[in-house]
*Asks:* 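Can you read through this structure? Questions will come right after.
Convention: sequence-line order gives letters A, B, ...; per-chain numbering from 1. Just the heavy atoms: all of them, side chains too, but no hydrogens, waters or symmetry mates, feed the values below. Remember, predicted model here, so these are calculated numbers, not experimental data.
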There are 2 protein chains.
Amino acid sequence: MSPPIAEIELDEQARRALIRDVLERIGDKWSVVVICQLGDGTRRFNELSRLSEPITKRMLSATLQGLERDGLVSRTVHATKPPRVDYALTPRGASLLQIVRDLAGWAEENAAGIVEARASFDAK
Amino acid sequence: MSPPIAEIELDEQARRALIRDVLERIGDKWSVVVICQLGDGTRRFNELSRLSEPITKRMLSATLQGLERDGLVSRTVHATKPPRVDYALTPRGASLLQIVRDLAGWAEENAAGIVEARASFDAK
DNA sequence: CAGAATCCGGGTGGATACTG
DNA sequence: CAGTATCCACCCGGATTCTG
């Protein structure tokens, strides 16, 4: 017995809602940049701050917390003086790295064409 | 002669700004869903509307216009009665399809783990 | 060094109603 | 069928200031 149409569609919607929910994390303004930077290895807070310019500390902090909450990034505090905090990709974060790099690569390759397409579209 | 540091960093920032600018289109709420649907072939407006539930017509229209502006989707109007409009991926849109599918696949595979990670993170 | 707290303007996107 | 128009609540993200 197959479930009624309505039920299938509800499941489909719930599934897509979940996917969109997950993708919204990497859809925000800075996650892709930070993930790419961490793809090269462990980094400290101010190091990431410089590498990800012109991000602000507030947004870097928020981005890292979001990524940590989703289990994509690990945060390690060293009780030294001055304090030192290391960020790195978790295995799950690393599993996303290649896709994110592909995305960034695609964006770079197509940037010029897209800028041109926008200009031509806006001309009408 | 290599350019001064400041100049290199400005170029790097400009390059990243461009990439982020391009990625913001697919970072919005509905583009990934719509691109995935169009990945299966040409679709009409109301067809996309149903397939992408619970999107509203307003957001579907806005999403399609954004994708068309960037040259990722083509729009073809048939002067029939009632009117009929076909949407399809352009070659550039198709070049993005595999990455978007990878992204959606990753999101689906990791959704459960991420929900769990969030719950455990929020417990603190 | 590594953040947190506060303020706030602009834009995203939902609901609803209307149109050719 | 394929949209547009209007209104508006929400929240993202920048600037600034403060802290252990």
*Asks:* Side chain of A/N46: nearest nucleotide among D/dA2, D/dG14, C/dA2?
*Replies:* C/dA2
*Asks:* Measure from the side-chain N and O atoms of A/R16 to the backbone N and O of B/P54, and report whether any donor-acceptor pair falls under 3.5 Å.
*Replies:* no
*Asks:* Main chain of A/G71, side chain of A/T90: is a donor-acceptor contact present, judged purely on distance under 3.5 Å?
*Replies:* yes
*Asks:* Between C1' on C/dT12 and CG on A/D28, what's the gap in Å once rounded to a whole number?
*Replies:* 14 Å
*Asks:* Specify the separation, in whole Å, of atom NZ of B/K29 and atom P of D/dC10.
*Replies:* 14 Å
*Asks:* Can you name the residues that form a salt bridge (Lys or Arg N to Asp or Glu O under 4.0 Å) with B/R92, not counting sequence neighbours?
*Replies:* none
*Asks:* Can you tell me if the side-chain N/O atoms of B/R84 get under 4.0 Å from OP1 or OP2 in D/dA2?
*Replies:* no
*Asks:* Roughly how bent is the helix from C/dC1-D/dG20 to C/dG20-D/dC1 end to end, in steps of 10 degrees, with each end axis from five pairs?
*Replies:* 50°
*Asks:* Taking A/M59's backbone N and O only, do any of them form a donor-acceptor pair with A/T63's side chain (distance below 3.5 Å, no angle check)?
*Replies:* yes
*Asks:* So do A/D21 and B/R118 actually touch side chain to side chain, heavy atoms under 4.5 Å?
*Replies:* yes
*Asks:* If you restrict it to nitrogen or oxygen atoms, what contacts under 3.5 Å exist between nucleotides 3-5 of chain D and the protein, and what is each distance?
*Replies:*
from	atom 1	to	atom 2	distance (Å)
D/dG3	OP1	B/R75	NH1	2.2
D/dG3	OP2	B/Y87	OH	2.6
D/dT4	OP1	B/Q65	NE2	3.3
D/dT4	OP2	B/S61	OG	2.7
D/dT4	OP2	B/Q65	NE2	3.4

*Asks:* Mind calculating the distance between CD1 (A/I55) and P (C/dA2) to the nearest angstrom?
*Replies:* 14 Å
*Asks:* Group every Ile, Leu, Val, Met, Phe, Trp and Tyr by side-chain heavy-atom contacts under 4.5 Å, then state whether A/L64 and A/L51 land in the same group.
*Replies:* no
*Asks:* Given atom CZ of A/R43 and atom P of C/dA2, what is their separation to the nearest angstrom?
*Replies:* 13 Å
*Asks:* More 5' along DNA chain C: A/R44 or B/M59, using each one's nearest nucleotide?
*Replies:* A/R44
*Asks:* Rounded to whole angstroms, how far apart are CZ on A/R25 and P on D/dC11?
*Replies:* 14 Å
*Asks:* Roughly how many Å is it from NE2 in A/H78 to P in C/dA2, rounded to a whole number?
*Replies:* 10 Å
*Asks:* Atom CH2 of B/W30 and atom CD of B/Q37: how far apart are they, to the nearest 0.5 Å?
*Replies:* 11.0 Å
*Asks:* Where the side chain of A/S31 meets the backbone of A/R25, is there a donor-acceptor pair that is under 3.5 Å apart?
*Replies:* yes
*Asks:* Round to a whole Å and report the spacing from CZ of A/R50 to C1' of C/dG3.
*Replies:* 16 Å
*Asks:* Rounded to the Å, how far apart are A/L60 CG and D/dA15 P?
*Replies:* 15 Å
*Asks:* Show the nearest heavy-atom pair for residues B/A104 and B/C36, with the distance to one decimal.
*Replies:* CB-SG, 4.5 Å
